[in-house]
Amino acid sequence: MIEIIAHNLGPIMFVTVMAMLLIGYPVAFTLAAGGLIFFFLGVELSIFAPTEIRLFPNLLAANANRTFDVMRNEVLLAIPFFTFMGLILERSRMAEDLLDTIGQLFGPLRGGLAIAVIIVGGLLGATTGVVAASVIAMGLISLPIMMRYGYNRSVATGTIAAAGTLAQIVPPSLVLIVMSDQLGRSVGDMYIGALYPALMIMAMYCAYIAVLTMVQPKWVPALPPETRTLGGGILSLIAMIIISVAIHYAGMNLLYADMSYENRFVASATTATVFALCVSLVNRHFKLGLISRLTEQVIIVLIPPLALIFLVLGTIFLGIATPTEGGAMGATGALVLALIKRRLTLKTLKEALDSTTKLTAFVMFILIGARVFGLTFYGINGHIWIKELLLSLPGGETGFLVVVTVIVFILGCFLDFFEIAFIVVPLLVAPAEELGIDLIWLGIILGINLQTSFLTPPFGFALFYLRSIAPKKDWEDEVTGERIKGIDTTQIYRGVIPYIVLQFIAIMIVIFYPRIVTHYADDEVELDLDNVQIELPSLGGQDAEGNAVELPGLGGGGLQGGPNFGGDGNGGSGSGLPGLQLTPLGQPPAPSGGDAGGGAGTDDGGDAAPAPAFGLPPLDLNSSPPPTDQ
């Protein structure tokens, strides 16, 4: 029995730790405790399975260095930066401004408010990166409005929950940062690879709302005219967009034509954006009436978060900044925006710092626990068991991705994405590389999968966030004075089902059309090492007349019996430097009277000076050793 346990300690450890996590024990402590308990158990059982258990007591000291490796990881610095940026923006009520403005923009359309929620969800995902903040903010702001004007409850709650989970896949997502670290790939490549799938998912959500407007128009009504306080003015907005695009192209081709492409793009885009913002601010301050009130509000509200997104993602995509640097700039930009809007108070700053510290400490402790778990799991060949299990799946690459998708989806119903990223993802790297799967592609598939698991009843985290702020009992609307029924949990569950289906369709599209993700590698230059030529520069300079002057070679006749450094090959220096002439061991010094090395060690008469013997007799390799005293 003991031998059976020893030979199967890997799967036993994995199942035990996962069961403890599913029961609800704290993640960091479960991982660390599981790693330590099975480490000592493995040391005791190693005599029964020496080829499968490679643990010994002194190996436990390796956990100290592995912990310091976590603390030295610069990639993880992006987590507190992006978290702080999102919390500052969320507490400065940016979501409220965005929802109000975009809701007014799309309000005249059926389903316009739902489309506005999806767009704002994408924008919040690109700025906050935190699902809980996005779902709660949009639920508090838009859910009462949607209920007030007759939206179907399931459609309203499902749209809010699904739009909030876009923070999982829209860069700069915390999921993508952690995923890139665990997969050993660039965060910038992960962001670029996630861009098209994120836009595709948002488009699928909007397409679903568009279909509802034709199939069930009563479920997604347009806002009544009296709620559109900003009035019309779509043509004015279109005109401003056209003018701004024209300024951008003029800047690219005329004003900044001498710069590199990246700098031209940034400079011209900044010029066009500043122009539109200045026109709107001047129009509002002096009441010139150059543009409509709707256009003015849209530009003033949308440009700051869009500029912040470009400051973070644009600089990363263009290669100007690393993700950590981009996160630092984003955090600074969020503080500046909150300060400009006069919403940066000491209380807001303290709350954001407290929440950032808690989340960062939570992530770091989970990662440290995962390192302790990983040391033991790899020491008992658990990774080999996982690898052989996954490689034996039918279907090759596609079969591997489908099975992994199902497993991660099931685990995502019970575990947080940090836990899955730190425990499961590292075990998938080896079999994925052996199958030739691009790890960025795998990371995006897992990211979409985790986004789906946030919506899945009954344990989806987004559902819990929305349930916590959705009214359960009937309530009286302050605007209309009408009595509005509360929202049941089953209505929330029914509302997310269409979005779960759309998510699965998106995963299948990414699996079968990997170019949606792998386009990130198009700009990489592949070097043909067989045709690489290395040309050494001249080690000389120029004289007073501008003629090239070569440095002298090192030596004349060179080392006897060795390479010739700078000589002419015939014992001459060929460069004016004296030759390096050493006497081989065991031979007498070179006879005097000749220039054996191009002038090395010569006196005024040209005779070669004898090489020093350092007081040692010549070495004769053929002689027998001297007798020893008995």
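Residues take their numbers from the sequence shown, with the count starting at 1.
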To the nearest 0.5 Å, how far apart are [atom1] in [X] and [atom2] in [Y]?
| X | Y | atom1 | atom2 | result |
| --- | --- | --- | --- | --- |
| Ile299 | Met240 | CD1 | CE | 4.0 Å |
| Leu435 | Leu442 | CG | CG | 10.5 Å |
| Ile448 | Thr165 | CD1 | OG1 | 11.5 Å |
| Leu367 | Asp181 | CG | CG | 6.5 Å |
| Ile368 | Phe68 | CD1 | CZ | 9.5 Å |
| Ile509 | Ile201 | CD1 | CD1 | 9.0 Å |

Decide yes or no for [X] and [Y]: does some side-chain heavy atom of the first lie under 4.5 Å from some side-chain heavy atom of the second?
| X | Y | value |
| --- | --- | --- |
| Ile119 | Tyr205 | no |
| Val510 | Trp441 | yes |
| Met329 | Leu308 | no |
| Leu123 | Ile102 | yes |
| Leu176 | Ile444 | yes |
| Leu255 | Ser268 | no |
| Leu237 | Val298 | yes |
| Phe39 | Val372 | no |

Please evaluate residues Ile516 and Met200 with respect to the criterion side-chain contact (heavy atoms from CB on, under 4.5 Å), reporting the C-alpha separation (whole Å), side-chain torsions for both, the decisive distance (0.1 Å), and the verdict.
CA-CA 9 Å; Ile516 297 177; Met200 178 186 70; 4.3 Å; yes
Would you sort out whether Leu183 and Met190 count as a side-chain contact (heavy atoms from CB on, under 4.5 Å), showing the intermediate values?
CA-CA 10 Å; Leu183 293 173; Met190 191 71 74; 3.9 Å; yes
Which atom of [X] lies closest to which atom of [Y], heavy atoms considered:
| X | Y | result |
| --- | --- | --- |
| Ile88 | Ala338 | CG2-CB, 4.0 Å |
| Gly447 | Met179 | N-CE, 4.2 Å |
| Val312 | Gly330 | CG2-CA, 3.5 Å |
| Glu397 | Gly436 | OE1-O, 4.2 Å |
| Gly34 | Val17 | CA-CG2, 4.3 Å |
| Gly122 | Val170 | O-CG1, 3.8 Å |

Any ion pair linking [Y] and [X] (charged N to carboxylate O, less than 4.0 Å)?
| X | Y | value |
| --- | --- | --- |
| Arg185 | Glu433 | yes |
| Arg72 | Asp69 | yes |
| Asp354 | Lys358 | no |

Main-chain N/O of [Y] paired to [X] side chain as donor or acceptor, under 3.5 Å:
| X | Y | value |
| --- | --- | --- |
| Asn449 | Ile445 | no |
| Trp385 | Ile380 | no |
| Thr360 | Thr357 | no |
| Ser355 | Ala352 | no |
| Thr348 | Leu344 | no |
| Thr376 | Gly35 | yes |

Around Phe362, counting heavy atoms of other residues, nucleotides and ligands shown, do more than 12 lie under 6.0 Å from its CZ?
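Above 12, so yes.
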Flag if over 12 foreign heavy atoms under 6.0 Å of OH, Tyr196
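Counting other residues, nucleotides and ligands, OH of Tyr196 stays at 12 neighbours or fewer.
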Full working for side-chain contact (heavy atoms from CB on, under 4.5 Å) between Glu434 and Leu391:
CA-CA 9 Å; Glu434 186 159 332; Leu391 291 178; 3.5 Å; yes
Please confirm whether the ring centroid of Phe373 lies under 6.0 Å from the ring centroid of Phe422.
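Ring centroids of Phe373 and Phe422 are no less than 6.0 Å from each other.
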Less than 6.0 Å separating the ring centroids of Phe38 and Phe377?
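No - the distance between ring centres of Phe38 and Phe377 does not fall below the 6.0 Å cut-off.
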Strictly by modelled atom types, are Thr452 and Tyr499 linked by a side-chain donor-acceptor pair under 3.5 Å?
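Side-chain D/A pair, Thr452 to Tyr499: absent.
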Derivation and outcome, ring pair (Phe, Tyr, Trp, His ring centres under 6.0 Å), residues Phe265 and Tyr256:
CA-CA 9 Å; Phe265 185 89; Tyr256 310 108; over 10 Å; no
Quick check on side-chain contact (heavy atoms from CB on, under 4.5 Å): which of Leu428, Val175, Ile420, Thr405 does Leu446 satisfy it with?
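Testing Leu446 for a side-chain contact (heavy atoms from CB on, under 4.5 Å) against Leu428, Val175, Ile420, Thr405 leaves exactly one candidate, Leu428.
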Starting from the C-alpha separation in whole Å, work towards a yes-or-no answer on side-chain contact (heavy atoms from CB on, under 4.5 Å) for Asn63 and Arg371.
CA-CA 7 Å; Asn63 279 320; Arg371 287 299 180 96; 5.6 Å; no
